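Only a predicted model underlies this, so the values are computations on that prediction, with no experimental measurement involved. Just so it is clear: chains get the letters A, B, ... in the order the sequence lines come, proteins before strands, and each one is counted from 1.
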Number of protein chains: 2
Amino acid sequence: MKNPIEQLNKVFDSRVRLGIMSAVMVNDEVNFNELKELIQVTDGNLASHLKTLEENGYLLVKKGFIGRKTNTTYAITKSGEKAFKAHIDALEKMIKGLH
Amino acid sequence: MKNPIEQLNKVFDSRVRLGIMSAVMVNDEVNFNELKELIQVTDGNLASHLKTLEENGYLLVKKGFIGRKTNTTYAITKSGEKAFKAHIDALEKMIKGLH
DNA sequence: TAAAAGCACTTTGAGATTAAAAGTAAACAG
DNA sequence: CTGTTTACTTTTAATCTCAAAGTGCTTTTA
C-alpha cells in the first residue's frame with residue numbers, strides 16, 4: 001500500500017486554493033467577488049492563486065460583462081476536476097487511517 | 001454556518017507536515033528515518049518542517065540513543081493533537097460539502 | 001462635463017517559506 | 001588510523017505568498 005501523502009497534490013496545499021477549488025466544484029461558475037467574499041483574502045492574493053490554478057490547467061477563466069461592468073468568472077476544467085477529486089480521495093484515505 | 005476553510009490550520013497546509021502529523025498521531029513515537037522513509041523528502045527539508053512543528057508546540061522532540069547511535073524521536077503533544085484534530089474536522093467538513 | 005471616487009482586477013516587490021546542498025560530529029569498516 | 005556512512009543541522013538558493021500600488025474602465029458628484 002502506498003502512502004496517501006504522496007498522492008496529495010502540491011497545488012492544493014494552500015488553503016486559498018483549496019477554497020477556490022471547492023467553490024468551483026459545486027458551482028458551475030464563480031466570479032471574483034464571490035470568491036473574495038468566500039475566502040476572505042485580498043484581491044492581489046486571490047488573483048495570484050487563481051492564476052496559479054489557471055496556469056496548471058485546473059481553472060477556466062471567462063472574461064465577460066454584466067451590463068457595462070466587467071465580470072470575470074471561473075469554472076473548473078475536466079483536468080481540474082480530476083486532479084481535485086484525486087486530492088480529496090488521498091485526503092480521505094489519510095484521514096481514515098487516523099480513526 | 002461559517003466557512004470550514006477558515007478553520008484550517010495554516011501550519012498543516014504543507015503535505016510534509018500533514019504527513020508528519022498523521023504519523024505521530026497513530027504512533028507514540030516516530031524517528032527521523034521512519035519519517036524520511038514515509039514522506040520521501042530530503043533530510044534538510046524534513047528537519048525544517050519538524051522544527052516548525054516543534055516551534056509551534058505540536059511536536060515533542062526526544063534526543064536519545066539506540067546503543068551508541070543517536071536516535072531522535074518525535075511525539076505529538078496534547079496541543080498538537082488538539083490542533084490536528086481540529087484541522088481534520090475542518091477538512092472533513094469541507095469534503096462533505098463537495099459530495 | 002470635468003474631476004473625483006469606485007470597481008474589478010493586475011502588477012510589483014518585499015518578506016516568508018521551502019527545499020536542497022553543504023557541513024558536522026560520532027560511529028563503523030577495512 | 002583513514003575513509004565512509006549515518007543522522008541530523010546549518011546555510012544558501014529558489015519559490016511562494018501576500019498586500020500595496022497601479023491600470024483602465026465606469027459611475028458619481030459638484
Base, sugar-phosphate, or nothing: which does [X] touch, judged by heavy atoms less than 4.0 Å apart?
X     : result
B:K63 : sugar-phosphate
B:N31 : nothing
B:T42 : base
B:R15 : nothing

Where A:I20 and A:L59 come nearest, the two heavy atoms and their spacing =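 Closest heavy-atom pair between A:I20 and A:L59: CG2-CD2, 4.0 Å.
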
Looking only at heavy atoms, what is the nearest atom pair of B:L35 and B:A23, with distance?
-> CD2-CB, 3.8 Å

Evaluate the side-chain proximity of A:L18 to A:V16: yes if any heavy-atom separation is below 4.5 Å, no if none is.
-> no

Want to settle it: does A:T52 or A:G44 sit nearer the 5' end of DNA chain D, counting the closest nucleotide to each?
->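 Counting from the 5' end, the first nearest nucleotide belongs to A:T52.
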
Provide, to the nearest angstrom, the distance between the [atom1] atom belonging to [X] and the [atom2] atom belonging to [N].
X     : N      : atom1 : atom2 : value
A:N71 : C:dC9  : CG    : P     : 6 Å
B:F32 : C:dA26 : CZ    : P     : 18 Å
B:K51 : C:dT17 : NZ    : C1'   : 12 Å
B:N45 : D:dT15 : CG    : P     : 14 Å
A:K69 : D:dC25 : NZ    : P     : 16 Å
A:I66 : C:dA8  : CD1   : C1'   : 12 Å
B:L50 : D:dT9  : CG    : C1'   : 12 Å
B:L46 : D:dA7  : CG    : C1'   : 11 Å

What nucleotide among [options] has an atom nearest to a side-chain atom of [X]?
X     : options                : result
A:R68 : D:dT27, D:dC18, C:dC28 : D:dT27
A:T70 : C:dA8, D:dT9, D:dC18   : C:dA8
B:S14 : D:dC18, D:dA7, C:dT18  : C:dT18

Considering just the side-chain nitrogens and oxygens of A:T72, establish if one lies under 4.0 Å of OP1 or OP2 belonging to C:dC9.
->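 Looking at the OP1 and OP2 atoms of C:dC9, one of them is under 4.0 Å from a side-chain N or O of A:T72.
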
Short side-chain N/O contact from A:H49 to OP1 or OP2 of D:dC16, under 4.0 Å |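 So the side chain of A:H49 is outside the cut-off, no N or O lying under 4.0 Å from OP1 or OP2 of D:dC16.
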
Does the ring-ring contact (aromatic ring centres under 6.0 Å, His included) test come out yes or no for B:F84 and B:Y58, once each step is laid out?
-> CA-CA 9 Å; B:F84 193 59; B:Y58 295 159; 9.1 Å; no

Quick one: NZ on B:K63 to CG on B:N71, what's the gap to the nearest 0.5 Å?
-> 10.5 Å

